[in-house]
Amino acid sequence: MLQMHNLQHKHITSAHLAQTMALLSLTTDELRQQVESELASNPALEMIEERRCPVCHTLLPPRGLCPVCSRPQSPDPNEPIVLLSTRDDFYTGKSSDSEDMPDNDYSVVTDDLPTYVFKQIAMELDAQDRPIAAYILTHLDDDGLLTTTPIEVARYHHVPLERIMAIMRLIQHSDPIGVGASCPEEALLIQVEVLAETRKVPDHAQEAIELGMDMLSRHQYSELAHLLKISQSKVMEIARFISENLNPFPARSHWGEINQPAQNSPQVYRQPDVIIGYLNGQPNKTLLVEIIMPFSGTLRINPLFRQALHQVNENKIDQWKSDLESASLLIKCMQQRNNTMRRLMQRVVTLQKNFILNGEEELIPLTRAQLSKELDVHESTISRAVSGKSVQLPNSRIVPLSMFFDRSLNVRTILRNLIDQEPRPLNDTELVNLLARQGIFVARRTVAKYRAMEGILPAHLRHSVMTIS
DNA sequence: CTATGGCACGGATT
DNA sequence: AATCCGTGCCATAG
């Protein structure tokens, strides 16, 4: 994280560039923290309640969308409406009752993870156990996994291990089920346990997770089947069940399919940074793209501060001047960031409209480089803007923004559909031919790779039809 | 012998 | 410069 104080003495333009980059790559949530800290430490900066629409510059109500832009007179139905929007309810916890907001059914988590979990279990804990629970909850990583061990916790608090375990159990059965597990396997096991109460869980699922998690995530189903001495179709069923119903990283929101199974867990997406919905709620053809701003109100230089600058005494004047500079820099960069994000989303949504409306099959391959030319910005600008951001689609799914740039997602989904539909298990070379009919030319080896990515077993192992929902 | 997965290489992408 | 992705070659399982 770049500290702006390091930049003050440098030349404005380079500082400006660096800061713009830094802000661009921040998610909404991180941006809020950044601005808040600057607001607190820099007297030159202030926030006023008044909000102006960045598009049409009319005065906005305290929250909600721009009344002008969200009800345009003659919009081109193919062009999405992109605007900056405040969803204070995301951050304040107030339920949104505004009527100009399409009431989607996404659930809003307003607390951070530790608080959220703690509230659920607080009632059931003895008063003296609560600090321990709180202690445990502060030792979770971004995925909701424990970064310490129960033994250490017990030692630290000088209480018997059993008491810790009881608390842990309570935590782990709270809403992001499996939260507080010490490893992905444990999280999965807990989820299996909980799910088993309400629905049917494939046999041997526990053993498969306990013994063969690494194989499972590497799609080495035949080896695992051998190890557990069960049929391979059974293993396949288990794998399917896990990828559809369980989440090895409890705190990470479920976004659809299994993309990157195990190893890497670089980012957690909480609230989306961009929300795509239909204009005025109902599915007509115009898409409404809201880039979520972390706060309502407008940042500006405090006018009093500017006046007082002339009267301040000599030894403080440098500090004050740099404060002023840093504040105006931040404001400029915010505008730059917003502008870039708006242009980016405008273009992306236009290009990928069919994907948004009709699903992954219609995603067109799009590279960041291509977009950077169209928007006339540097490639790295796009990269930074895209990485780490998440988008909520009209169907309430939250996906990473980078999915819009997935080079093979469309082919993979077509492949998946192909396999789902075809009665006879097709081998990889046959699949290659089928894809070629649709104008998609890929190598045999590539089909195999895509299958693996989608968690689909090889032809000779998928005789029986499995039905899990 | 066939179908598939592992390894690794080269070109594209970030 | 580092990383990702499609692909070819080869070993291996069935």
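Letters go in sequence order (proteins before strands), and every chain restarts at 1.
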In whole Å, I'd like the distance from the [atom1] atom of [X] to the [atom2] atom of [N].
| X | N | atom1 | atom2 | answer |
| --- | --- | --- | --- | --- |
| A/L457 | B/dA3 | CG | C1' | 14 Å |
| A/E430 | B/dA3 | CD | P | 8 Å |
| A/D428 | C/dG8 | CG | C1' | 15 Å |
| A/N410 | C/dG6 | CG | P | 10 Å |
| A/L426 | B/dT4 | CG | C1' | 15 Å |

Which residues in residues 435-449 of chain A have at least one heavy atom lying under 4.0 Å from any atom of DNA chain C?
A/V442, A/A443, A/R445, A/T446, A/K449

Distances under 3.5 Å between protein N/O atoms and the N/O atoms of nucleotides 11-14 of chain C, please, pair by pair.
none

When you check the gap from the basic side-chain N to the acidic O, do [X] and [Y] get nearer than 4.0 Å?
| X | Y | result |
| --- | --- | --- |
| A/R424 | A/E430 | yes |
| A/E379 | A/R368 | no |
| A/E360 | A/R416 | yes |

Residue set satisfying salt bridge (Lys or Arg N to Asp or Glu O under 4.0 Å) with A/R437, at least two apart, ordered chain then number -> none

Nearest 0.5 Å, please: how far is CD1 in A/I419 from OH in A/Y450?
13.0 Å

Output for pair (A/D323 CG, A/S41 OG), nearest 0.5 Å, gives 7.5 Å

Which residue is it: A/Q336, A/E30, A/M334? I am looking for the one with a side chain to side chain contact (heavy atoms under 4.5 Å, CB included) to A/L23.
A/M334

Within the structure, does a side-chain N or O atom of A/Y450 lie under 4.0 Å from either OP1 or OP2 of C/dG6?
yes

Using a cut-off of strictly less than 4.0 Å, decide whether A/S408 has a side-chain nitrogen or oxygen near OP1 or OP2 of C/dG6.
yes

Heavy-atom closest pair, residues A/A385 and A/L344:
CB-CD2, 3.8 Å

So do A/E290 and A/L288 actually touch side chain to side chain, heavy atoms under 4.5 Å?
yes

Can you name the residues that form a side-chain contact (heavy atoms from CB on, under 4.5 Å) with A/L39, not counting sequence neighbours?
A/L45, A/M47, A/L299

Taking side-chain contact (heavy atoms from CB on, under 4.5 Å) as the definition, give me every residue that meets it alongside A/P150, ordered by chain and number, with sequence neighbours left out.
A/L146, A/L161, A/I164, A/M165, A/M168

Report all interatomic pairs (protein N or O, nucleotide N or O of nucleotides 12-14 of chain B) with separations under 3.5 Å.
{"unit_1": "B/dT14", "atom_1": "OP1", "unit_2": "A/R368", "atom_2": "NH1", "d": "2.7"}
{"unit_1": "B/dT14", "atom_1": "OP2", "unit_2": "A/R368", "atom_2": "N", "d": "3.3"}
{"unit_1": "B/dT14", "atom_1": "OP2", "unit_2": "A/A369", "atom_2": "N", "d": "3.4"}
{"unit_1": "B/dT14", "atom_1": "O3'", "unit_2": "A/S383", "atom_2": "OG", "d": "3.3"}

